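What follows is one structure encoded as structure tokens, with my remarks underneath.
Atom set for the values below is all heavy atoms of this structure, side chains included, hydrogens, waters and symmetry mates excluded. Quick caveat, the model's predicted, so the values are computed rather than measured.
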Amino acid sequence: MGKKIKMALVGLGFGAEFIPIYQNHPNTELVAICQRSKDGLDRIGDQFNIPLRYTSFEELLRDDSIDAVHINSPIPDHAEQSIAALNAGKHVACTVPMATSIEDCRRIVKAQQASGKNYMMMETAVYTREFLYVKSLRDSGQLGRIQFLRGAHQQEMAGWPGYWEGLPPMHYATHAVSPLLALAEKEADRVYCLGSGQIAERLASIYQSPFAVESALFRLKDSNLAMEVTRSLFETSREYIESFDVYADKMSFEWQQLEEEQPVIFRGEDGERVQIPDYAHLLPEGIRKYTMQGIYDSDENQHLSFKQGSGHGGSHPHLAHEFVMSIVEQRPPFPDVFTSANWTCAGLCAHLSALQNGEPVQLPDFRSEFGQ
């Protein structure tokens with residue numbers, strides 16, 4: 001099997017969900033955790049018997065025994081922490097989004113290219129059981145020729161940490177964008193986006209973003225395909241939904257309206273509900289159970305991402321496994337740094353278009369910029 005990858009987890013709110021996954025993966029050893037609060041750090045460290053504990057991210061990066069870091073810190077910290085970790089010679093997995101500006105995405109790409117280490121944005125939406133099911137339909141030829149794609153992520157963020165307040169909807173669009181682009185096997189090229197509605201001035205003033213909803217049309221690069229994405233964060237009534245629809249010539253897939261229902265597949269005009277299988281068999285035996293369970297399952301131990309997000313469709317062990325195996329196999333992960341940047345910039349550019357009343361915005365082409 002060779003030497004195990006020594007992992008460090010940074011941020012122990014949602015991030016704690018990955019502790020047992022890395023502890024039970026055959027190719028990893030979870031050696032360190034990092035959180036500013038020492039009390040919380042020690043509580044989790046004692047619970048999971050983790051030897052190295054850091055309240056300083058900078059101190060963690062100076063530990064040469066650590067091979068890779070998985071960053072689950074607040075959104076405003078993602079870019080600087082990712083860049084610092086890459087510059088310190090660590091492989092980096094980072095929760096979404098990659099960054100909150102196009103320039104910071106560029107800086108992360110530059111740091112990854114200079115370091116030669118792996119960077120993976122840990123996008124749950126492309127490892128859910130629903131995504132893996134539709135991907136299998138595509139790969140087997142059952143879908144046929146894809147004609148159009150639609151994604152939506154609607155969520156009420158009241159009660160979440162303060163940095164979420166007033167966030168432009170499309171600044172956190174990767175859950176809706178990524179499954180569409182991944183199924184099309186293309187990148188977003190150009191976007192036209194309109195903002196709609198009005199959130200409270202107290203919220204709107206924080207990021208100078210007034211819109212309750214942002215809805216975008218994207219043209220895909222080197223393709224005749226277009227896709228539609230809708231995103232809302234505040235003051236829009238809707239049960240939580242992270243959905244995607246795929247329309248193709250042989251078969252189409254539509255997400256259910258209510259989470260307790262099942263999605264629908266269409267052949268021609270005939271539709272039927274479908275039971276989505278689990279894909280734990282794709283994983284090492286020791287982490288298969290984590291597609292169906294985690295540390296936030298009980299009513300007494302809940303995290304907001306699980307109350308609203310339904311456990312992210314069993315994606316967490318698939319994400320961790322892909323990151324780990326990309327290091328073991330010395331290959332780029334999926335998504336790699338360029339794909340991560342495109343998925344993130346799709347939303348950032350969509351918001352710029354909304355601020356310009358729907359004027360088209362061209363996405364940056366980091367692959368060409370960095371000679372890839």
Among the clusters formed by ILVMFWY side chains lying less than 4.5 Å apart, do Trp160 and Met170 turn up in the same one? yes
Would you please test Thr128 and Ser315 for side chain to side chain donor-acceptor pair (under 3.5 Å) and show each step? CA-CA 5 Å; Thr128 63; Ser315 61; over 6 Å; no
What donor-acceptor contacts under 3.5 angstrom involve side-chain atoms of residues 251-258, with partners at least two apart or in another chain?
residue, atom, partner, partner atom, Å
Ser252, OG, Ala248, N, 3.2
Glu254, OE2, Tyr247, OH, 2.6
Trp255, NE1, Glu259, OE2, 3.1

At what distance, to the nearest 0.5 angstrom, does CE of Met292 lie from CZ of Arg129? 5.0 Å
Can you establish whether the number of heavy atoms outside Asn49 located under 6.0 Å from its atom CG is more than 12? no
If two hydrophobic side chains count as joined below 4.5 Å and joins carry through other members, does Phe211 share a cluster with Met157? no
Spacing of Phe18 atom CZ and Ile287 atom CD1 [to the nearest 0.5 Å]: 10.5 Å
I'd like to know if Glu80 pairs up with Arg107 as an ion pair, taking the criterion as any Lys NZ or Arg NE/NH1/NH2 lying under 4.0 Å from an Asp or Glu carboxylate oxygen. yes
State whether the number of non-hydrogen atoms from other residues, nucleotides or ligands found under 6.0 Å of Asp139 atom CG is greater than 12. yes
Could you label the plane-to-plane angle of the His316 and Phe14 rings as parallel, tilted or perpendicular, counting under 30° as parallel and over 60° as perpendicular? perpendicular
Any side-chain heavy atom of Asp365 sitting closer than 4.5 Å to one from Lys221? yes
Please assess Glu369 against Lys110 for the test salt bridge (charged side-chain N to carboxylate O under 4.0 Å, His left out), listing each intermediate value before the final yes or no. CA-CA 10 Å; Glu369 187 175 325; Lys110 183 178 180 180; over 6 Å; no
Residue pair Asp336, Thr339: steps toward the side chain to side chain donor-acceptor pair (under 3.5 Å) verdict: CA-CA 5 Å; Asp336 66 6; Thr339 301; 3.0 Å; yes
Rounded to the nearest 0.5 Å, what's the gap from CG on Leu60 to CD on Gln35? Could you check? 13.0 Å
I'd like to know if Leu348 and Tyr192 are part of one continuous hydrophobic network [Ile/Leu/Val/Met/Phe/Trp/Tyr, side-chain heavy atoms within less than 4.5 Å]. no
Output yes when Arg231 and Glu214 qualify as a salt bridge under the 4.0 Å nitrogen-oxygen rule, no when they do not. no
Hey, are the side chains of Val337 and Met98 touching, using non-hydrogen atoms and a 4.5 Å cut-off? yes
More than 12 heavy atoms from other groups under 6.0 Å of CZ on Arg36: no
I'd like to check Leu30 versus Phe48 (side-chain heavy atoms, cut-off strictly below 4.5 Å). Are they in contact? no
Ring centroids only, cut at 6.0 angstrom: are Trp343 and Phe218 within range, meaning strictly under it? no
Side chains of Lys38 and Asp42, heavy atoms from C-beta outward: is any pair under 4.5 Å? yes
Which distance, rounded to the nearest 0.5 Å, do you find between the CE of Met120 and the OG of Ser326? 7.0 Å
Can you check whether Gln113 reaches Phe366 side chain to side chain, under 4.5 Å on heavy atoms? no
Can you find a heavy atom in the side chain of His175 that is under 4.5 Å from one in the side chain of Thr124? yes
Does the side chain of Glu103 come under 3.5 Å of the side chain of Ser101 through a donor N or O and an acceptor N or O? no
Measuring centre to centre across the rings, with the benzene-like ring taken for any Trp, is Tyr22 within less than 6.0 Å of His70? yes
With hydrophobic residues grouped by side-chain heavy-atom distances under 4.5 Å, do Ile146 and Leu217 end up in a single group? no
Tell me whether Arg288 is salt-bridged to Glu285, with the criterion being a basic N under 4.0 Å from an acidic carboxylate O. no
When rounded to the nearest 0.5 Å, the distance separating CG of Leu194 from CG of Asn357 is 6.5 Å
According to a 4.5 Å side-chain heavy-atom criterion applied to Ile, Leu, Val, Met, Phe, Trp and Tyr, with indirect links allowed, do Val177 and Val213 form part of one hydrophobic cluster? no
Is any side-chain N of the basic residue among Asp39 and Arg43 closer than 4.0 Å to the acidic one's carboxylate O? no
I'd like to know whether CZ of Arg273 has more than 12 heavy-atom contacts from other residues, nucleotides or ligands below 6.0 angstrom. yes
Can you measure from CD1 (Ile108) to CD1 (Ile83) and round to the nearest 0.5 angstrom? 5.0 Å
For Ala176, all residues meeting side-chain contact (heavy atoms from CB on, under 4.5 Å), sequence neighbours excluded: His153, Val229
Flag if over 12 foreign heavy atoms under 6.0 Å of CD, Gln330: no
Taking the side chain as everything from C-beta on, heavy atoms only, tell me whether Met227 gets closer than 4.5 Å to Leu181. yes
